[in-house]
There are 2 protein chains.
Amino acid sequence: MMARKKKGLSERHEKILSFLRAHQKREGYPPTIREIGKATSISSTSVVNYYLDQLEKMGKIERQRKISRGIQLTELNPLGEMFKIPVAGRIVASAPIPVPASDFNYFDAESSVDIARTLLPTRGDQDELFALEVDGDSMIDAMVNDGDIVVMKSGGEPKNGDMVAVWLPERDETTLKYFYKEDNRYRLQPANPTMEAIYIDKDEALEIKGKVVMVIRQIDKTII
Amino acid sequence: MMARKKKGLSERHEKILSFLRAHQKREGYPPTIREIGKATSISSTSVVNYYLDQLEKMGKIERQRKISRGIQLTELNPLGEMFKIPVAGRIVASAPIPVPASDFNYFDAESSVDIARTLLPTRGDQDELFALEVDGDSMIDAMVNDGDIVVMKSGGEPKNGDMVAVWLPERDETTLKYFYKEDNRYRLQPANPTMEAIYIDKDEALEIKGKVVMVIRQIDKTII
DNA sequence: CTTGACGAAGAACGCATGTTCGGGTATTAT
DNA sequence: ATAATACCCGAACATGCGTTCTTCGTCAAG
């Protein structure tokens, strides 16, 4: 008896949208007009169609005319927005980083993490990405803890300000630091601002193993 | 002239599977039998159906009979792989946490992060999840830095060992700590093992705003 | 050679599903 | 009051699309 002419989404719009979400998650494919009708107590397919047209104009959904179940939520990233990144191994301060072979095209599903594309640096070959699990507390000066997952990108020259994983052969040490090239040396700055930078002479060996793109800490890993 | 009776996946099986993957990613809904046929150079729908039946027996796909486009890959987690988590605001040491209203069913696309379900705690209402962006260096003792994104879960009693966001009214302070209930006090343990715990008497006020589920640090946010 | 399983077509059949149309009833504007 | 909207049926219509039936060629075993 009301809720008319109220601009924005009406109750039916909302119900349809949430049904679309639910159905897609539950079944893996979009519903038909009639299914939407049943779920939202709309008896006529034409009314559903009427609302779908409105939702499309509002940009909430996208429709493929003439094809069955051709309805997608624009908000819902059509799966595929995800990137599977292989976990190449563990990273410890006392050992070099296990950089994966350059030709890993398919990887074991067991050892990979899924990251949404929206969280990854846009552009750039994401095939060069790999991940490492941090072993031990030795990276604490980089604000990285035991069990954290470090996503790295191999290849490419590090720019000033990049966080990189470096292997210092003369110290037998792997470390994560912000990288700065200075006149006669490299400055490796810890992420933790309360800690001091270390300096590496230009003639001292230094191997940049990759650029750190992201750090993930899963605190509650409850299974079940 | 060969490839017959070779158990396992034939070339056609592979082609169909990869087309299913591609189509789902590209269009957001499964293809029809005829579309599969066209894409894999199979002229007859019955042949496609023949292979689909085999793939279903092998457990590679799941079919909803009689339903158009009722084909799903089992490999691909049928329940939307990704979870959109609303970013409720920023978290600072000097102010309480902005916990979102309990009835946010739809949220602005602009302020949300996508997290793969595989990285989130299984089970449990994921509707209670929300995210906060860290403002400033004040959470360094929790190994959390400026700009990090903290994913939290509201509701539920904190268990010993959980990392929680607490608001200490008597100190006007928000902090992230591991939570331990001890005899006459609460012990709030920093994530950084080199730092000391703080103790809160049982009669001192303490508000647990949520349980920290995940911390994400995007280091390279390069756009384009 | 015959038989049967397998791979493949093509066409017909029929339910599934999007589209359209004529006809309603409120609410609001003119 | 009349007209203009916005909402809402229900039903017919026209494809879309899964299913099934018939036929055919090939290969391996009996």
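We name chains A, B, ... by the order of the sequence lines, and we start the count at 1 in each one.
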Candidates D/dT19, D/dC9, C/dT17 - which lies nearest the side chain of B/R65: D/dT19

N/O donor-acceptor pair under 3.5 Å between B/E56 side chain and B/D53 backbone: no

Sugar-phosphate, base or nothing in reach of A/Q64, heavy atoms under 4.0 Å: nothing

Protein-nucleotide distance (B/R63, atom CZ; D/dG18, atom P), rounded to Å: 8 Å

Interatomic distance where CG belongs to B/N49 and P belongs to C/dG10 [whole Å]: 16 Å

Rounded distance (Å) that lies between atom C1' of D/dA14 and atom CD1 of A/I67: 17 Å

Distance below 4.0 Å between B/S68 side-chain N/O and C/dT17 OP1 or OP2: yes

A/S46 side chain near D/dC9 phosphate (N/O to OP1/OP2, under 4.0 Å): no

A/T45 side chain, from C-beta outward: closest of D/dT20, D/dC9, D/dA11: D/dA11

B/L52 CG to C/dG7 C1', straight-line distance once rounded to whole Å: 15 Å

Main-chain N/O of A/K15 paired to A/T40 side chain as donor or acceptor, under 3.5 Å: no

Those residues of residues 29-40 of chain A lying under 4.0 Å from DNA chain C by at least one heavy atom: A/T32, A/I33, A/R34

A/R69 side chain vs A/P30 backbone, donor-acceptor pair below 3.5 Å: yes

Check: A/L20 main-chain N/O paired with A/H23 side-chain donor or acceptor under 3.5 Å: no

Whole-Å distance separating the CD1 atom of B/I16 from the P atom of C/dG7: 12 Å

Atom-pair distance (OH on A/Y50; C1' on C/dT20), nearest Å: 16 Å

Whole angstrom value for the distance that separates P of D/dA6 from CE of A/M58: 12 Å

Short side-chain N/O contact to D/dC7 OP1/OP2 from A/Q54, under 4.0 Å: yes

Gap between atoms NZ and P, on A/K66 and D/dC17 respectively (whole Å): 11 Å

From CD1 (B/I61) to CG (B/L52), nearest 0.5 Å: 4.5 Å

A/R12, nearest nucleotide to its side chain (from D/dT20, D/dG18, D/dC9): D/dC9

Set of side chain to side chain donor-acceptor pair (under 3.5 Å) partners for B/T175, sequence neighbours left out: B/K177

Main-chain N/O of A/M143 paired to B/R217 side chain as donor or acceptor, under 3.5 Å: yes

